[in-house]
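To start, the structure under review is shown below, and the notes come after it.
All values derive from a computational prediction rather than experimental measurement.
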Amino acid sequence: SGSPKEISLSSRTSMEHRYQAVLFDLDGTLARTVELYEEVAFSTANDFGIPLTKHYWDTAPAVPPNVWLREFTKDEALITRYCTEFNRRAKILIGEKVTWNPGAQGTVRNLYERKVPMAVVTTSHEENVQVKEVRMRFYRYMQTVIHGDHVAHRIKPDPLGLIVATTIMEVDPKRCI
């Protein structure tokens, strides 16, 4: 079908930057989940006797619980139980409360109406992405959705998810935003 259509996302500069596609993260970018994950992390930590503090939460890198829990305990059984409970609670809370981040749905719709190719690239498990999809219905706008199960749950900034998405979309990664 020929080369991907080039789109200009900047009309205010004399040197237009041309892009072939827009790639979005899901949690915290399209989906309003940061506060929901925080609520689940603190309630679960409290129930498991883990001394999670607001300062730690706000300054720690955004990594899965099984990574940051090692700052508090070396007990692998406790980490496994915590993660299982965290995931159970997160699915319930997110399934009930997740929404689009302010402005995100309008931006995605606008790009979709302009026929801009888009993808979601996230490290979340497929089942967690599906929970968000039920409430947000974002798949219909995307050319592809790459989740953590596609990329062996590599932690950002590992570029594998972006590489997989751009390969599927047949676009140059250097020409995506």
Handout entry: Centroid-centroid distance, Phe72 to Tyr56, less than 6.0 Å
Key =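 Under 6.0 Å, so yes.
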Between [X] and [Y]: side-chain donor-acceptor atoms closer than 3.5 Å:
{"X": "Ser124", "Y": "Asp27", "value": "yes"}
{"X": "Gln130", "Y": "Tyr139", "value": "yes"}
{"X": "Arg135", "Y": "Thr99", "value": "no"}

Practice task
Check the pair Leu69, Phe48 against side chain to side chain contact (heavy atoms under 4.5 Å, CB included), reporting the backbone distance first and the verdict last.
Solution key: CA-CA 11 Å; Leu69 275 170; Phe48 277 75; over 6 Å; no
Taking the side chain as everything from C-beta on, heavy atoms only, tell me whether [X] gets closer than 4.5 Å to [Y].
{"X": "Trp57", "Y": "Leu52", "value": "yes"}
{"X": "Phe24", "Y": "Val108", "value": "yes"}
{"X": "Glu127", "Y": "Val131", "value": "no"}

Problem - Full working for side chain to side chain contact (heavy atoms under 4.5 Å, CB included) between Tyr112 and Arg140 - result: CA-CA 9 Å; Tyr112 182 79; Arg140 62 186 162 183; 5.9 Å; no
Problem - Cluster overlap Tyr37 with Ile92, hydrophobic side-chain contacts below 4.5 Å - result: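 Different hydrophobic clusters.
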Problem - Val120, Thr123, Leu26, Val129 screened by side chain to side chain contact (heavy atoms under 4.5 Å, CB included) with His147, the one that passes - result: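 Output: one option passes, namely Val129.
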Practice task
May I ask you to say whether Glu113 pairs ionically with Arg109, meaning some side-chain N is under 4.0 Å from a carboxylate O?
Solution key: no
